[in-house]
There are 2 protein chains.
Amino acid sequence: MLVPPKKNQYALRAIFELAKHMDQGPVKISDIATAQSIPLRFLEVILNQLKASGIVDSKRGFHGGYFLVKPPNQVSVGDVLRFLSRDLSPRDCIACVSKISCPFDGRCAFSSMWIRVKEAAFSIYDETSFQDLIDQEQDAGWSSEQ
Amino acid sequence: MLVPPKKNQYALRAIFELAKHMDQGPVKISDIATAQSIPLRFLEVILNQLKASGIVDSKRGFHGGYFLVKPPNQVSVGDVLRFLSRDLSPRDCIACVSKISCPFDGRCAFSSMWIRVKEAAFSIYDETSFQDLIDQEQDAGWSSEQ
DNA sequence: AATATTCCCGACTATTAAAGTCGGGAATAA
DNA sequence: TTATTCCCGACTTTAATAGTCGGGAATATT
């Protein structure tokens, strides 16, 4: 219930991978897919969608690939997740049951609680930049000394 | 992505309804279903399942129905949600991608963030008792003066 | 120009979880 | 004995997620 859909996780991991290769030229989808164990064709779809967020951009052709638009310390997990929850999922709603058919028209005892949870979560997401994630990985010694 | 499944919402609303009728004898499923706009047959399943949590109990027959075992100030939203996320959903995992096939075996840069989010959410859930919800509803003047 | 490479686009399928239903049986009280 | 109410297990439906595919368009190399 608190676990983001795989698509979101893939998106985050892909961007994480791009962050690790900042300023090293575009990274190929296939490389990202391999490094992060993401189904290739699915990742194509995801990354392509992410371009609309302005977080990543791409270049086609020979030395083509994806790259981060801004440096990793200026991109947060919140930026990504917020973008991905736009349009998407009619079930998603700010507070109560469902935007479309809340039987209580928002006057429901739970709504303030749902809102507070959402805010708490996004406050963490917003405070977590991809640079932070890179640093953490290195501090933990997982960076698989390339 | 942060919105609990309908089943969980139904469960919470049903218990909320029971809380409002504490010490007034068992409440019939059909009454709860009406009051809270929950599909009757579905609610049967949900409440019956909740008995295993020890939060509610039931009585059959003429003046049968469901009732809360403990007073509303001793039951929290966290109690309910924690119970409902047991067994359930193989996708659910504490931290990373999926308990079954995390490609990073838990050594993933995101895991600590997921954990913190989960903790933040449950800290709110745990602090919210059904008595609190009743009070809030009354303070807000939604209690539809019976 | 020709070619290899890489992203791009749209539609399509598959899988799974969630949501909801149903018939009939068992307890309980009037 | 009857009305009522929960109980049980299996079933169906719906919708979201996940993933695939063929072929086209840009780009750089030779």
Side-chain angles (χ1 to χ4, degrees), chain A residues 1-14 18 21 25-34 36-52 56-67 84-85 87-93 97-98 100-101 103, chain B residues 1-14 18 25-34 36-52 56-67 81 84-93 97-101 103:
Chain A
M1 154 193 167
L2 278 164
V3 178
K6 278 203 160 162
K7 183 184 170 184
N8 291 13
Q9 303 220 25
Y10 291 159
L12 292 174
R13 301 221 308 264
L18 293 183
H21 294 91
V27 186
K28 288 183 282 186
I29 296 180
S30 57
D31 287 346
I32 302 171
T34 305
Q36 293 288 333
S37 301
I38 302 171
L40 178 68
R41 297 309 283 269
F42 194 22
L43 183 57
E44 274 188 14
V45 175
I46 296 169
L47 280 172
N48 187 43
Q49 224 173 287
L50 279 174
K51 286 175 64 177
V56 304
D57 203 355
S58 67
K59 211 182 136 189
R60 299 201 218 185
F62 227 87
H63 288 128
Y66 275 85
F67 50 91
L84 289 173
S85 41
D87 43 64
L88 218 87
S89 83
R91 213 179 101 210
D92 218 8
C93 107
V97 183
S98 110
I100 306 160
S101 64
Chain B
M1 156 194 168
L2 279 165
V3 178
K6 277 202 161 161
K7 184 183 170 185
N8 291 14
Q9 304 219 25
Y10 290 159
L12 292 173
R13 302 222 306 265
L18 293 182
V27 186
K28 286 184 283 184
I29 295 180
S30 58
D31 287 347
I32 303 171
T34 306
Q36 293 288 332
S37 300
I38 302 172
L40 177 68
R41 296 309 282 269
F42 194 22
L43 183 56
E44 274 189 14
V45 175
I46 296 169
L47 280 173
N48 188 42
Q49 223 173 288
L50 278 173
K51 286 176 62 176
V56 305
D57 204 354
S58 68
K59 210 182 134 186
R60 297 202 221 185
F62 226 86
H63 288 128
Y66 275 85
F67 50 90
L81 293 183
L84 289 173
S85 43
R86 299 212 186 293
D87 43 62
L88 219 86
S89 83
R91 214 178 101 208
D92 217 8
C93 106
V97 183
S98 109
K99 216 176 266 174
I100 305 160
S101 63

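Numbered from 1 within each chain, the chains take letters A, B, ... in sequence-line order. FYI, side chains are in, hydrogens and waters are out, and symmetry mates aren't considered; it's all heavy atoms of this structure.
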(request) Quick one: list whatever passes side-chain hydrogen bond (donor to acceptor under 3.5 Å, both in side chains) with K51(A), sequence neighbours left out. (result) S58(A)
(message) Holding to side-chain hydrogen bond (donor to acceptor under 3.5 Å, both in side chains), I want the full list of residues that pass it with K28(A), two or more places apart in sequence or in another chain.
(response)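 Testing K28(A) for side-chain hydrogen bond (donor to acceptor under 3.5 Å, both in side chains), a comparison that skips the adjacent residues, returns none.
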In whole angstrom, give the distance that lies between atom [atom1] of [X] and atom [atom2] of [N].
X      : N       : atom1 : atom2 : result
I38(A) : dT17(D) : CD1   : P     : 18 Å
K51(A) : dT6(C)  : NZ    : P     : 16 Å
L50(B) : dC8(D)  : CG    : P     : 14 Å
Q9(A)  : dG19(D) : CD    : P     : 11 Å
L18(A) : dC7(C)  : CG    : C1'   : 14 Å
L84(B) : dA18(C) : CG    : P     : 11 Å
F42(B) : dG9(D)  : CZ    : P     : 18 Å
Y66(B) : dC6(D)  : OH    : P     : 7 Å

(request) Please tell me which of the listed nucleotides, dG19(D), dA18(C), dC7(D), lies nearest to the side chain of Y10(A)? (result)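 Minimum distance to the Y10(A) side chain belongs to dG19(D).
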(request) Choose from dT20(D), dA19(C), dA18(D) the nucleotide whose nearest atom is closest to any side-chain atom of P39(A). (result) dT20(D)
(request) List for me each residue that meets side-chain contact (heavy atoms from CB on, under 4.5 Å) alongside A14(B), sequence neighbours excluded, and say none if there are none. (result)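 Partners of A14(B) by the side-chain contact (heavy atoms from CB on, under 4.5 Å) criterion, ordered by chain and then number, come out as I32(B), L43(B), L47(B).
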(request) Can you measure from CZ (R13(B)) to CD1 (I46(B)) and round to the nearest 0.5 angstrom? (result)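 The CZ atom of R13(B) sits 9.5 Å away from the CD1 atom of I46(B).
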(request) Sequence neighbours left out, what passes ring-ring contact (aromatic ring centres under 6.0 Å, His included) with F62(B)? Give chain and number order. (result) none
(request) List in chain and number order the residues that pass salt bridge (Lys or Arg N to Asp or Glu O under 4.0 Å) with R41(B), two or more places apart in sequence or in another chain; answer none if no residue qualifies. (result)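 Once residues adjacent in sequence are excluded, the partners of R41(B) under the salt bridge (Lys or Arg N to Asp or Glu O under 4.0 Å) criterion are E44(B).
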(message) Output one letter per nucleotide in nucleotides 23-30 of chain D: B when a protein non-hydrogen atom lies under 4.0 Å from the base, S when only the sugar-phosphate is that close, - when neither is.
(response) BBBBBBS-
Check this one for me: any side-chain N or O of [X] less than 4.0 Å away from OP1 or OP2 of [N]?
X      : N      : result
S30(B) : dT5(D) : no
S58(A) : dC8(C) : yes
N48(B) : dC8(D) : yes

(message) If you assign each of K28(B) and L43(A) to its closest nucleotide in DNA chain D, which residue comes earlier from the 5' end?
(response) K28(B)
(request) For I29(B), report the nucleic acid contact type (base, sugar-phosphate, nothing); a contact means any heavy atom under 4.0 Å. (result) sugar-phosphate
(message) Within the 4.5 Å heavy-atom criterion, are F67(B) and L18(B) side-chain neighbours or not?
(response)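 When only atoms from C-beta onward are counted, L18(B) and F67(B) do not touch, as no gap falls below 4.5 Å.
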